[in-house]
Amino acid sequence: MDASDYITTHAEQFKEQLKDLLRIPSVSTLPAHKADVQRAADWLVEDMRRIGFRTAEAIPTAGHPIVYGEWMGAGAGAPTLLVYGHYDVQPAEMADGWLTEPFQPVERDGRIYARGAIDSKSNVMAQLKAAEAMLATGGAPVNLKLLFEGEEESNSENLSAFVAANRERLKADVVVICDGSMADREQPDMYYGLRGVVSMELEVFGPKQDLHSGHFGGTVHNPIQALAEIITRLHHPDGSVSVPGFYDDVEPLSDEERAELAKALPWIESEWRDVAAAPAQWGEPAYNLHERIGARPTLEINGIAGGFAAEGFKTVLPGRALAKISCRLVPHQTSHKIYERVRAYVMQIAPPTVRVEMRLVSIGEPLLIDRHSASVQAALRAYETVWGKRPNFTRAGGSIPVAVDLQRELGAPLVLLAFGYKGCGAHGPNEHVYLDMWYRGMATMIAFCREIAG
Ligand SMILES: [Zn+2]
């Protein structure tokens, strides 16, 4: 029996194990679930030990444990894979609109419904069961290091320090991040770009306190108006960002890359129609929707506060106004440089009738994976073997901070693998996973290990 047959003969057993893990409400952000997160970690350690990871352990951190185990049975001559996943989940309650209890997994129409089904316990279990299948049928062709985090849904507070302190131990030839999803159930996607994000606050101060608009209106520059005047100057009429130097470090798209991105465009357009459903598209006209979302930087006003906006009316002339602003970044932009450029421009255009303050809130750098690297090519072939289709290359508009941390600290080539479907309700009610895609995910991982071993 080979590893793929092992998946087939153990399909039912694997499914029951996934359900067992899904029953543990490992909600990392709620202190009341601290023991449950530990319980999920212990469950994984026990399973890892059972299938042959002798060194598996739940390593305590200041927050929730990191589960780590090694199987080095392929020998010193074989490549080593470090696989990252996370076993913590978002909170979930029936009141959010669940049809069945979020921590009582239910099977319906070839899917399992439960919190964590797609994000990301099915991914963790696909890795673990792929490892089991290989180890039970003569061993894996590569050495395996499995790293499962328990704090991904609550900011990964302790992961980057752990990775930095354990560089030698985690050393690998290829780093695999297994999270995320594909836009079509039959057509895999291969993510190779993630945007960074830098967030900031812009506060405008006018009079020393709120004033009577009848007594002072017409003599004081209203801070909300001044704020609006500033933020309307942050974009050109065509939707591009007008901050000088904003695009200086952006790597231009080659024709070849644009052709690749165009393949996934129909899915991105249909998602835009379904989910955004705004009256019309907006943004840089020289770039299509996929390019604007994944390959171009943006500046977004996330919120505005000031004055009186509650029920009723108050003829106030407010003393201050605040805007929260964030920029999504693409290679090779850097958070601090972009923040400084936005700040300098805001200060330059701020009218002398108000005082303006800018504050940096958080940073996160973008990531670009070389599509032509040996490990990405190996992943393409693995998908092709199992799904019968070459994945579309995709650049995500969002960020996976851990990917940037792992690449920076370990310096090994990175591959992002996704086996789930986008419409599976991650973070929402009735989250689920398609079982056929889950089993295919395991098979893809096995094929990937074979490809990496050469
Ligand atoms: Zn999540």
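For ligands, and for the atoms within them, numbers begin at 1 and follow the listed sequence.
- The name of the N, O or S atom in H427 nearest to the Zn ion (ligand 1) is NE2.
- The distance from the Zn ion (ligand 1) to the nearest N/O/S atom of H86 is not under 2.8 Å.
- Taking the six-membered ring where the residue is Trp, H10 and Y6 present parallel rings, their angle staying beneath 30° rather than reaching 60°.
- There is no side-chain donor-acceptor pair under 3.5 Å between T137 and D2.
- One finds an angle of 140° at the Zn ion (ligand 1) between OE1 on E153 and OD2 on D119, to the nearest 10 degrees.
- Relative to the six-membered ring of W387, R440 meets both conditions, a distance below 6.0 Å and an angle of at most 45° to the axis.
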The test is salt bridge (Lys or Arg N to Asp or Glu O under 4.0 Å); show your working for K15 and E107 and say whether it passes.
CA-CA 10 Å; K15 187 174 73 187; E107 197 178 335; 3.0 Å; yes
